[in-house]
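The first residue in the sequence is number 1, and the count goes up from there.
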Amino acid sequence: MCRWLAYSGTPMLLDTILYKPAHSLIDQSLHSKLGVETTNGDGFGIGWYTEEETDTPALLRDVGPAWNNRNLREMADHVRSPLFFAHIRASTGTAVQQSNCHPFRHGRWMFMHNGAVS
């Protein structure tokens, strides 16, 4: 089962929600209790808007597990955002590739979806 997180509010470090809570998204991806597999390691993605006026959101996506990604761990301690999405992927048979890792960006819009888009 894929795991999603969306945050909108006072700007905070991504680490505050991704890693610190007892049942954080990273913890859930490593110790899944509701899915077929006990770990969700089929890719991840993080997208965020900065507090500065920019036209597009930033994205970090990878095909490896979020709980083992040193770049994600590093940037989560330094990126502060008022609005971000996070996605931990659990493949249901589709390819493990970056084009299947959410979130997606179209211009200034960032989005995630569940299922397949033809």
Please check if L13 and Y49 belong to a single hydrophobic cluster, counting links between Ile, Leu, Val, Met, Phe, Trp and Tyr side chain heavy atoms closer than 4.5 Å. no
Taking atom NE2 as the centre, does H106 end up with more than 12 heavy-atom neighbours from other residues, nucleotides or ligands that are less than 6.0 angstrom away? no
Return the CD1 to CG distance between I46 and N71, rounded to the nearest 0.5 Å. 12.5 Å
Roughly how far, to the nearest 0.5 Å, is the CG atom of L14 from the CZ atom of R80? 10.0 Å
If I compare all heavy atoms of W67 with all of S29, which pair ends up nearest, and what's the gap? CD1-OG, 3.1 Å
List the atom of R105, the atom of P57, and the distance in Å for their closest heavy-atom pair. NH1-O, 2.6 Å
Cluster question for you: counting only ILVMFWY and a side-chain heavy-atom cut-off of under 4.5 Å, with indirect links fine, are I26 and M12 together? yes
Between L18 and L72, does a side chain to side chain contact (heavy atoms under 4.5 Å, CB included) hold up when you go through it step by step? CA-CA 10 Å; L18 290 178; L72 176 61; 4.3 Å; yes
Residue pair Q28, I88: steps toward the side chain to side chain contact (heavy atoms under 4.5 Å, CB included) verdict: CA-CA 9 Å; Q28 290 179 46; I88 305 291; over 6 Å; no
Nearest atoms (heavy-atom pairs only) where G47 meets L59: CA-CD2, 3.8 Å
Shortest non-hydrogen contact from T56 to G107? CG2-O, 3.3 Å
Relative to each other, are the rings of F104 and H113 parallel, tilted or perpendicular (30° and 60° limits)? parallel
Minimum heavy-atom separation for P103 and G45, please, with both atom names. CD-C, 3.6 Å
Nearest 0.5 Å, what's the CZ-CZ distance between F44 and R61? 11.0 Å
Shared hydrophobic cluster, L83 / W4 (ILVMFWY, side-chain heavy atoms < 4.5 Å): yes
Roughly how far, to the nearest 0.5 Å, is the CG atom of D27 from the OH atom of Y19? 12.0 Å
Who passes ring-ring contact (aromatic ring centres under 6.0 Å, His included) against Y7, sequence neighbours left out? F84
Evaluate the criterion side chain to side chain contact (heavy atoms under 4.5 Å, CB included) for residue pair R73 and D15; output intermediate values, then yes/no. CA-CA 8 Å; R73 179 70 242 164; D15 169 73; 2.6 Å; yes
Between K20 and T16, what is the shortest heavy-atom contact and its length? CB-O, 3.7 Å
Tell me whether L60 shares a hydrophobic cluster with I17, the cluster being built from Ile, Leu, Val, Met, Phe, Trp, Tyr side chains joined at under 4.5 Å. yes
